[in-house]
Amino acid sequence: MKSNFYLLAAAIITLASCSHKVTKVTKVITVTTPAGPYAQTDKVYSDHVAEYIAKIAQTNPAALTDSMGVPIPSQWVGTVNSGIRKANYVIIHYTAQDSLAQTIRTFITPVSQVSAHYVIGRDGKVVHMVNDYLRANHAGVGKWGNVVDMNSCSIGIEIDNNGSEPYSEVQIKSLLALLTFLKTTYNIPAANFIGHQDFAPRRKPDPGTYFPWKLLSQKGFGYWSDEVLELAPENFDVTTALRLIGYDTRDLNAAIIAFKRHFVQQDSSPKMSQLDLNVLYNVYQKY
């Protein structure tokens, strides 16, 4: 495959004072961009990566002033104890579109302002679109526990599905392989594999009631209720239980619907049956 090469000259400049000399170190970083139908958008992605690298390479101390405008002395000292920030959540979506190609077009169109780290086609093909260490625009507005900026701490996976059909066996096989890789690579806790509906219950229904959360839980991705359920106590507090799992309960009906889509999958109403209460009572104790 023919490749184009983009060179980044990252200038690292340290300024201490007018009496100190200026030290400049230039690093040349090579980014390889494959040719093909997406060469143009691949180049844009590579250019963005070059900009990110340049920002990371900056070692200028913060220019601070106090309330009177007097400069506060500051200095850069590089520590040996640092690392790249990594994702701590995985958010699973369905595309609500008709094909893998359509979703890719959406994600490479600037006006859409949406993206995901991975897209899984109906044939099981996995398309990687954003480096795992970078931020993708997949979660949007929502809340899970205390997390409100999920894009900054998660990996987004879109599955090619219109929302009204079962997922294919080959898709789920590829998904499980991908989740295994992500969990192992980034040490993501089992509880932190959730759906878009869980994070944004007032806006999103995906990955929907056809998604095999029970199978995922058996593989260590998320939780599921036990086969034998204890009756929820009469004074069982539904709101508190949902909140302890992670749901945003400011709109309680929306939180209940999201919970049932994930953990019950028999209906999408805000009414809690005795079975629903038993499932919630069982599940929340796992978190």
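All heavy atoms count here, side chains included; hydrogens, waters and symmetry mates do not.
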Nearest non-hydrogen partners of [X] and [Y], listed with the distance:
X      : Y      : result
Gly121 : Asp160 : CA-CB, 3.9 Å
Pro233 : Tyr281 : CD-CE1, 3.5 Å
Asn161 : Ser164 : OD1-N, 4.0 Å
Ala191 : Tyr287 : CB-CE2, 3.9 Å

Dump the intermediate steps for ring-ring contact (aromatic ring centres under 6.0 Å, His included) on His128 and His117, then the final yes or no.
-> CA-CA 6 Å; His128 198 174; His117 294 86; 7.4 Å; no

Between [Y] and [X], is there a side-chain heavy-atom distance shorter than 4.5 Å?
X      : Y      : answer
Ile157 : Leu178 : yes
Lys286 : Asp226 : yes
Thr65  : Ile72  : no
Asn131 : Tyr45  : yes
Val49  : Leu134 : yes
Pro71  : Leu64  : no
Ile91  : Met150 : yes
Gln266 : Thr209 : no

Using only heavy-atom distances, determine whether the side chains of Asp132 and Tyr118 contain a donor-acceptor pair under 3.5 Å.
-> yes

Classify the side-chain pair Gln97/Thr106 by whether it contains a donor and acceptor separated by less than 3.5 Å.
-> yes

Say whether, by atom type as modelled, one donor and one acceptor occur between the side chain of [X] and the main chain of [Y] under 3.5 angstrom.
X      : Y      : answer
Gln171 : Tyr167 : no
Ser115 : Asn137 : yes
Ser74  : Ala62  : yes
Asp198 : Gly195 : yes

To the nearest 0.5 angstrom, please state how far the [atom1] atom of [X] sits from the [atom2] atom of [Y].
X      : Y      : atom1 : atom2 : result
Arg243 : Lys143 : CZ    : NZ    : 8.5 Å
Leu179 : Ile188 : CG    : CD1   : 8.5 Å
Ile155 : Asn192 : CD1   : CG    : 12.0 Å
Asn162 : Asp206 : CG    : CG    : 12.0 Å
Gln285 : Leu244 : CD    : CG    : 10.5 Å
Lys86  : Ile84  : NZ    : CD1   : 11.5 Å

Centroid-centroid distance, Tyr186 to Tyr89, less than 6.0 Å | no

Distance-only donor-acceptor hits, side chain of residues 253-260, under 3.5 Å, sequence neighbours excluded:
| from | atom 1 | to | atom 2 | distance (Å) |
| --- | --- | --- | --- | --- |
| Lys260 | NZ | Asp267 | OD1 | 2.7 |
| Lys260 | NZ | Asp267 | OD2 | 3.4 |
| Lys260 | NZ | Ser269 | O | 3.1 |
| Lys260 | NZ | Ser269 | OG | 3.3 |
| Lys260 | NZ | Lys271 | O | 2.7 |
| Lys260 | NZ | Asp276 | OD2 | 3.2 |

Can Arg250 and Asp248 be counted as an ion pair, charged N to O under 4.0 angstrom?
-> yes

Cationic N near anionic O, under 4.0 Å, Arg135 to Asp149 | yes

Let me check something: any side-chain donor-acceptor pairs from residues 211-223 under 3.5 Å, sequence neighbours excluded? List them with distances.
| from | atom 1 | to | atom 2 | distance (Å) |
| --- | --- | --- | --- | --- |
| Lys214 | NZ | Glu227 | OE2 | 3.1 |
| Ser217 | OG | Lys214 | O | 2.7 |

Side chain to side chain donor-acceptor pair (under 3.5 Å) partners for Glu165, two or more places apart | Arg122

Full working for ring-ring contact (aromatic ring centres under 6.0 Å, His included) between Tyr284 and Phe263 = CA-CA 11 Å; Tyr284 101 92; Phe263 293 99; over 10 Å; no

